[in-house]
Number of protein chains: 2
Amino acid sequence: MCLVSLIPIRPGLEPERRDAARNRQLVLRAARELIEECGADGLTMGTLAQRAGVGKGTVFRRFGSRAGLMMTLLSDAEAGFQGRFMFGPPPLGPGAPPLERLIAFGEERIAWVLEFGELARAADVSAYNRFDVPAAVLWHRHLEMLLREAGLTADPWLMATSLSAVVEPERILHAVRVHQIDPERLAASWRELVSRVVRGA
Amino acid sequence: MCLVSLIPIRPGLEPERRDAARNRQLVLRAARELIEECGADGLTMGTLAQRAGVGKGTVFRRFGSRAGLMMTLLSDAEAGFQGRFMFGPPPLGPGAPPLERLIAFGEERIAWVLEFGELARAADVSAYNRFDVPAAVLWHRHLEMLLREAGLTADPWLMATSLSAVVEPERILHAVRVHQIDPERLAASWRELVSRVVRGA
DNA sequence: AATAGAAACGGACCGCAGTCCGTTTTGCTC
DNA sequence: GAGCAAAACGGACTGCGGTCCGTTTCTATT
């Protein structure tokens with residue numbers, strides 16, 4: 001089971017130095033505590049460094065940026081999601097017809113966003129390359145593959161892009177939190193959408 | 001012709017004081033110059049204030065935030081777009097069948113994003129309420145109306161939300177600038193998508 | 001155990017968006 | 001024109017993400 005990480009793989013095979021490993025754990029633990037207390041949006045890198053008892057430079061050296069840190073914190077949930085749609089039981093995993101897998105993918109993603117969405121929003125790199133993060137590329141490829149399997153011949157790549165846009169955390173959270181849309185209604189709309197997209201060839 | 005502004009209407013009817021009006025013009029002129037020279041992303045509020053010859057506080061008092069300033073700069077282009085799809089000639093404006101209007105809306109929007117997208121990205125308020133800006137609400141209502149007219153009975157409100165997501169500036173610019181997708185291909189995919197969404201009642 | 005150089009450390013520092021509040025300008029009233 | 005309250009001004013200030021670089025710690029080698 002080879003999952004694609006949300007964060008770049010460490011290129012070298014050499015393990016980190018002992019102090020580096022220790023500090024990583026310190027920072028991650030402190031980050032989880034702070035998010036528990038103040039929410040993801042309330043976490044600042046300065047406070048985090050202080051709480052972890054390390055310098056700010058260390059935090060940035062380890063995780064690159066605030067978004068990188070959030071990605072690391074997400075990676076467990078991320079790996080779980082990946083595992084389910086790539087290797088898990090049908091209808092989400094392989095074995096079910098493509099339309100059913102598409103439907104299940106959206107439903108699962110909506111539920112995932114409702115659980116981890118705040119973190120995911122904080123992890124969104126603000127620049128263009130937000131869509132080129134490995135995990136996002138994987139989701140996209142998965143959608144594209146299912147669309148092809150369902151017989152969609154008209155530009156599955158772009159259609160997968162459109163479907164990805166529909167289940168972006170920001171919109172889903174807005175619909176649920178601001179407009180009080182029932183998550184089940186979101187799922188129903190997704191079912192309707194993908195059914196129509198793949199209907200008839 | 002009553003267009004919905006991208007920025008909140010000034011609540012009071014009283015005109016601004018003369019110095020306020022003068023400074024607004026100074027700031028807007030300086031902003032256009034700076035964007036010309038450095039791009040929207042290169043504009044900083046400090047530099048802008050300096051260039052305009054006013055204090056930073058004045059800029060923020062006038063426009064509220066960097067995003068607010070960008071919205072003001074966009075409002076002409078925005079009003080033009082609104083005018084075309086609400087009152088302009090078919091197929092974008094009233095008179096054409098709903099599916100054709102939907103198709104034209106997407107095509108026009110894609111072209112608009114390619115022209116003003118950088119500004120639009122800079123104008124995007126980062127918070128949740130980005131989707132509740134008057135202009136965004138208007139686009140959404142327009143899509144919803146066209147979907148209803150096209151006979152879509154299954155949750156037109158959420159379907160309009162999904163379609164809005166598809167033509168967000170960030171994704172479109174990413175597709176074109178990073179993946180070098182031909183804009184005509186984007187338009188074709190949009191046609192395919194909306195045709196399938198409204199097909200069969 | 002001594003050593004050397006690579007890696008990691010940490011906090012002063014930078015540029016930015018946005019705020020605050022004492023000062024100045026404006027336009028209305030007499 | 002003098003006086004006055006309200007509005008606008010402006011720049012010092014805050015808090016943030018992120019960088020830089022002199023200092024410290026580790027580990028491989030002898």
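Note on naming: letters A, B, ... go to the chains in the order of the sequence lines (proteins, then strands), and numbering restarts at 1 for each one.
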Please step through side chain to side chain contact (heavy atoms under 4.5 Å, CB included) for the pair B/F85 and B/L138, ending with a clear verdict.
CA-CA 11 Å; B/F85 73 71; B/L138 187 70; 4.2 Å; yes
Mind calculating the distance between [atom1] ([X]) and [atom2] ([N]) to the nearest angstrom?
| X | N | atom1 | atom2 | value |
| --- | --- | --- | --- | --- |
| A/M70 | D/dG17 | CE | C1' | 12 Å |
| A/L48 | D/dG18 | CG | C1' | 14 Å |
| B/L43 | C/dG15 | CG | P | 17 Å |
| A/R51 | C/dG11 | CZ | P | 17 Å |
| A/D41 | D/dC16 | CG | P | 13 Å |
| A/Q50 | D/dC16 | CD | P | 11 Å |
| B/F63 | D/dG10 | CZ | C1' | 16 Å |

Under-4.0 Å salt bridge between [X] and [Y]:
| X | Y | answer |
| --- | --- | --- |
| B/R22 | B/E16 | no |
| A/R51 | A/E37 | yes |
| B/E168 | B/R130 | yes |
| A/E33 | A/R29 | no |
| A/R32 | A/E36 | no |

Which word best sums up how the rings of A/F105 and A/H142 line up, parallel for under 30°, tilted for 30 to 60°, or perpendicular for over 60°?
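Tilted.
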Give every pair of a protein N or O atom and an N or O atom of nucleotides 2-4 of chain C that lie under 3.5 Å apart, one pair per line with the distance.
none

Per-nucleotide protein contact string for nucleotides 23-30 of chain D, where B marks a base within reach and S marks sugar-phosphate only (heavy atoms under 4.0 Å, - for neither):
--BSS---
Using a strict heavy-atom distance below 4.0 Å, which residues from residues 54-61 of chain B are in contact with DNA chain D?
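Close to the strand are B/V54, B/G55, B/K56, B/G57, B/T58, B/R61.
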Under a 3.5 Å threshold, yes or no: a donor from one side chain and an acceptor from the other, between A/E107 and A/W112?
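No - no donor-acceptor pair under 3.5 Å links their side chains.
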B/T44 versus B/T47, side-chain donor and acceptor atoms under 3.5 Å:
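B/T44 and B/T47 do have a side-chain donor-acceptor pair below 3.5 Å.
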Below 4.0 angstrom from OP1 or OP2 of D/dA8, is there any side-chain N or O of B/R24?
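Answer is no, no contact under 4.0 Å.
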Please determine whether a side-chain nitrogen or oxygen atom of A/N23 lies at a distance below 4.0 Å from atom OP1 or OP2 of C/dA8.
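The answer is no; no side-chain N or O of A/N23 sits under 4.0 Å from OP1 or OP2.
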Over all heavy atoms of both residues, which pair between A/P91 and A/R101 is shortest? Give the atoms and the distance, please.
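Smallest heavy-atom distance, with atoms named: O-CG, 3.0 Å.
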Considering heavy-atom distances to DNA chain D, does B/A21 or A/M45 have its closest nucleotide positioned more toward the 5' end?
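That would be B/A21.
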Counting only N and O atoms by type, is there a donor-acceptor contact under 3.5 Å from the side chain of B/R66 to the main-chain atoms of B/M45?
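No, B/R66 side chain to B/M45 backbone: no donor-acceptor pair under 3.5 Å.
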